[in-house]
There are 2 protein chains.
Amino acid sequence: MKISNTKNKRPTLQDVADLVGVTKMTVSRFLRNPEQVSVPLQTKIADALEDLGYIPNRAPDILSKSKSHAIGVLLPSLTNQVFAEVIRGIESILEPAGYQTMLAHYGYSKEAEESRIATLLSYGVDGLIISESYHTERVRKMLSVAGIPVIEIMDSVSPPIEQAIGIDNQAAAYAMTQFMIQRGRQKIVYFAARMDQRTLFKIKGYEAAMHDNGLAPLCLKTNSASSFTLGAKFLKDALQQQPDTDGIFCTNDDLAIGALYACQKAGIKVPEDIGIAGFHGHDISRAMVPLLATVITPREEMGRLAAEHLLSRLQGNPVSQRIIDLPFQIEAGESI
Amino acid sequence: MKISNTKNKRPTLQDVADLVGVTKMTVSRFLRNPEQVSVPLQTKIADALEDLGYIPNRAPDILSKSKSHAIGVLLPSLTNQVFAEVIRGIESILEPAGYQTMLAHYGYSKEAEESRIATLLSYGVDGLIISESYHTERVRKMLSVAGIPVIEIMDSVSPPIEQAIGIDNQAAAYAMTQFMIQRGRQKIVYFAARMDQRTLFKIKGYEAAMHDNGLAPLCLKTNSASSFTLGAKFLKDALQQQPDTDGIFCTNDDLAIGALYACQKAGIKVPEDIGIAGFHGHDISRAMVPLLATVITPREEMGRLAAEHLLSRLQGNPVSQRIIDLPFQIEAGESI
DNA sequence: CCATGTTTTGTTACACGTAACATTATCATA
DNA sequence: TATGATAATGTTACGTGTAACAAAACATGG
């Protein structure tokens with residue numbers, strides 16, 4: 001029997017056991033199922049645990065059972081409101097199920113994505129929820145070798161590694177563009193930032209709708225992050241390149257709101273002079289004046305579903321549906 | 001020597017070693033310092049690693065060296081914009097330093113905080129960044145027993161467990177209230193949601209400023225989360241309880257913006273009829289029309305500093321400064 | 001070609017909790 | 001009281017990477 005540690009390392013089961021005068025196995029039993037231990041020991045062990053402030057250590061479990069009870073969640077960004085809501089959805093399911101989420105983000109960089117996935121796997125996550133539909137060969141290999149369930153979210157079109165839950169961004173953008181055209185808009189400009197896969201899909205949908213109606217698309221693009229300020233800047237650019245612009249469709253609400261404010265400052269009336277539409281339908285778009293036209297996406301539900309399907313897979317169930325395509329909704333608001 | 005695993009478990013160092021025909025120790029050496037291994041083996045091992053798609057496993061390290069290279073970050077909420085920016089600050093430092101952040105949140109519940117901290121510690125995090133200044137006895141005990149550096153953020157007033165980095169919320173609220181009064185506001189109402197420690201400090205500051213100017217404070221409170229909609233609801237309540245309200249100071253920008261929109265809808269002119277101020281100075285408050293009066297807080301810097309000080313502590317340096325009080329800034333905007 | 005030093009590779013043990021098996025204590029019943 | 005059954009506790013081994021030590025392979029100089 002070892003003497004209780006003198007170094008001020010955090011206490012182990014052995015330390016607790018030494019204090020009580022039993023083996024660590026007995027303490028371990030108490031922790032998993034107190035009934036398995038004699039009544040007098042139960043109190044003694046409970047006291048010792050309390051005394052020493054014992055905190056369990058997951059490392060041996062991860063080591064021997066390859067079960068960490070942690071789920072890796074990898075998203076392009078954490079500051080984007082969209083992902084914050086997805087996370088909320090994920091956690092609302094995982095947390096009550098006793099899983100810890102390990103959150104990581106990669107700032108839309110493919111190399112960073114590789115390294116983040118490697119890190120998450122090195123911590124032995126039991127499953128992974130990742131974003132985007134395009135992944136490098138290396139990432140695909142790592143995921144296949146890891147042998148854990150993987151769910152891709154945000155996009156419902158590209159063939160998933162195993163299972164995808166998302167929306168059809170292209171169809172959503174097509175629908176909104178079509179809607180604007182029906183409302184009489186002709187010179188609609190698309191504002192795009194952060195040129196990821198989803199944005200490209202949206203641009204495709206926008207261009208298809210314009211084309212189908214015999215209209216000329218004009219798309220302002222940048223690789224930098226979207227912001228209110230960027231929306232304002234884009235508005236200026238749009239009016240310069242196409243002075244008779246009568247509609248603006250933005251890849252997200254932030255750009256749309258920024259453009260809308262810029263219009264207000266410039267004395268351009270919305271929706272009389274220019275109609276503006278956003279994408280996602282965040283809280284603010286549902287509260288502002290005028291109410292923002294937007295595509296409402298089920299962000300929180302997407303997270304919830306992803307977590308639910310992941311848990312189901314962890315319980316041994318097979319992939320029930322490779323692609324889950326969630327509905328979006330066109331919200332007319334007052335800005336169109 | 002073991003025969004390579006037939007089960008499709010993820011490959012271990014042993015699998016790689018078997019493939020090359022050396023011991024795992026040699027492979028381990030190659031991973032840590034390739035020079036330590038003979039040149040012909042270097043390529044062979046590299047190939048084998050690539051072939052098998054080897055992903056390192058941190059569990060043994062956590063077990064034997066108690067070093068996870070992971071930092072726990074525990075915040076009350078993830079969806080709140082404030083914390084998103086704090087996280088960005090934290091990650092901007094930790095990620096390049098090779099640390100993985102383990103993010104958790106507790107929805108402002110003290111019991112949840114306890115359990116999240118226990119979880120984070122059970123994963124062997126090397127350090128902890130937590131929010132709020134009040135913690136249960138249990139939490140304090142766990143942290144002391146864990147023996148890892150802990151940094152508290154958001155608040156710079158309460159005596160920290162070890163080290164705190166934040167702002168003086170009470171002073172900030174006092175300053176903004178004083179500023180509104182100087183601008184001629186007399187019947188200022190405070191909107192408070194999510195009654196956490198920081199909100200209580202802000203209310204104190206507001207009430208002190210009102211009192212020092214011989215004015216009667218009126219504070220609308222709720223425990224639920226803040227939102228634009230709540231700001232609108234509070235505006236209605238305020239006008240009902242005090243019809244001649246001429247100023248509104250909100251515990252955050254969301255409430256303020258919600259109130260501002262509600263004014264616009266109700267035909268109340270801002271700032272002519274009512275002055276409105278928020279707290280934090282998020283992007284949108286700096287872009288909207290009218291520009292929102294707000295207290296600008298150094299959210300991202302707070303995160304950066306917390307991470308930097310934590311890293312310094314991990315390198316063995318002592319606490320340099322128990323409390324780091326960051327400056328805030330009164331932004332007049334156009335809504336006051 | 002030997003002795004010595006250096007480089008390269010191998011061996012052993014360890015961190016901690018628990019499954020699986022082994023042993024001891026306790027109890028009821030013949 | 002002896003016996004078998006059951007309850008309570010103990011022992012051993014394991015998972016994976018690496019530090020510490022040991023051994024082997026190789027190089028250098030006399």
Side-chain angles (χ1 to χ4, degrees), chain A residues 1-2 4-5 7 9-45 48-49 52 54-69 118 121-124 126 145-147, chain B residues 1-2 4-5 7 9-18 20-45 48-49 52 54-69 118-119 121-124 126 145-147:
Chain A
M1 185 193 295
K2 283 174 208 157
S4 181
N5 64 24
K7 308 158 290 186
K9 267 190 56 189
R10 99 182 201 201
T12 68
L13 271 195
Q14 185 67 58
D15 298 321
V16 180
D18 290 351
L19 192 60
V20 179
V22 293
T23 54
K24 54 184 180 157
M25 194 61 229
T26 306
V27 183
S28 170
R29 284 199 185 93
F30 174 81
L31 286 174
R32 320 197 81 264
N33 183 4
E35 317 298 310
Q36 246 178 95
V37 164
S38 65
V39 181
L41 269 187
Q42 285 180 21
T43 25
K44 277 214 236 172
I45 294 178
L49 286 167
L52 294 177
Y54 175 75
I55 300 159
N57 183 346
R58 278 210 194 269
D61 252 42
I62 302 177
L63 202 48
S64 56
K65 295 207 280 295
S66 307
K67 279 269 174 293
S68 62
H69 266 241
L121 291 176
S122 78
Y123 282 99
D126 294 343
V145 160
Chain B
M1 185 193 297
K2 284 175 210 158
S4 179
N5 65 23
K7 307 158 290 185
K9 267 191 55 188
R10 99 182 201 201
T12 67
L13 270 195
Q14 185 66 59
D15 298 321
V16 180
D18 290 351
V20 179
V22 292
T23 54
K24 55 183 180 158
M25 194 61 229
T26 306
V27 183
S28 170
R29 286 199 184 93
F30 173 81
L31 286 174
R32 319 198 80 267
N33 184 4
E35 317 298 310
Q36 246 178 97
V37 164
S38 65
V39 181
L41 270 188
Q42 285 179 21
T43 26
K44 277 214 238 172
I45 293 178
L49 286 167
L52 295 177
Y54 174 76
I55 301 159
N57 183 348
R58 278 208 195 268
D61 253 42
I62 302 177
L63 201 49
S64 56
K65 293 206 283 296
S66 308
K67 277 269 174 292
S68 61
H69 265 242
T119 303
L121 292 176
S122 78
Y123 282 100
D126 294 343
V145 160

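First the proteins, then the strands, lettered A, B, ... as listed; each starts at 1. Everything numeric here is computed off the predicted structure, so don't read it as measured data.
At least one side-chain nitrogen or oxygen of A/Ser38 sits closer than 4.0 Å to the OP1 or OP2 atom of D/dT9. For B/Ser66, no side-chain nitrogen or oxygen approaches OP1 or OP2 of C/dA15 to under 4.0 Å.
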Scoring nucleotides 17-23 of chain C by protein non-hydrogen atoms under 4.0 Å (B base, S sugar-phosphate only, - none) yields BBBB---

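Rounded to whole angstrom, the span from the CG atom of A/Asp18 across to the C1' atom of C/dC16 amounts to 13 Å. Rounded to whole Å, atom P of D/dT9 lies 10 Å from atom CD of A/Gln36. Atom-to-atom, CZ of B/Phe30 to C1' of D/dG17 comes out at 16 Å; the value is rounded to the nearest Å. One can place CD1 of B/Ile62 at 14 Å from C1' of D/dG15, the figure rounded to the nearest angstrom. Per the geometry, CD belonging to A/Glu35 stands 16 Å off C1' belonging to D/dT9, to the nearest Å. Distance, B/Asn33 CG to C/dT8 C1': 13 Å, rounded to whole Å. In this structure, CZ of A/Arg10 is placed 10 Å from P of C/dC16, rounded to the nearest angstrom.
Between B/Val37 and B/Leu63, the residue anchored nearer the 5' end of DNA chain C, judged by the nucleotide with its closest heavy atom, is B/Val37.
Of the possible polar contacts, one joining the A/Arg10 side chain to the B/Leu121 backbone as a donor-acceptor pair under 3.5 Å is found.
Scanning for side-chain hydrogen bond (donor to acceptor under 3.5 Å, both in side chains) contacts around B/Asn57 gives an empty result, with sequence neighbours left out. Taking B/Asp61 as the reference, B/Lys65 meet the salt bridge (Lys or Arg N to Asp or Glu O under 4.0 Å) condition, with sequence neighbours excluded. Remark: B/Ser68 pairs with B/Asp126 by the side-chain hydrogen bond (donor to acceptor under 3.5 Å, both in side chains) rule, at least two apart or across chains. B/Lys24 pairs by the side-chain contact (heavy atoms from CB on, under 4.5 Å) definition with B/Leu13, B/Gln14, B/Ala17, not counting sequence neighbours. Applying the side-chain contact (heavy atoms from CB on, under 4.5 Å) criterion to B/Pro56, with sequence neighbours excluded, gives B/Tyr54.
Using a 4.5 Å heavy-atom cutoff, the side chains of A/Val27 and A/Leu49 are in contact.
From one end of the helix from C/dC1-D/dG30 to C/dA30-D/dT1 to the other, with five pairs defining each end axis, the axis direction shifts by 50° (rounded to 10°).
Among the atoms of the strands shown, only primed sugar atoms or phosphate atoms (P, OP1, OP2) are found under 4.0 Å from some heavy atom of A/Leu41.
When all heavy atoms of B/Ile55 and A/Ala118 are compared, the closest pair comes out as CG2-O, 3.9 Å.
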Distance-only donor-acceptor pairs under 3.5 Å for side chains of residues 28-41 of chain B, two or more places apart:
unit_1  : atom_1 : unit_2  : atom_2 : d
B/Asn33 : OD1    : B/Glu35 : N      : 3.4

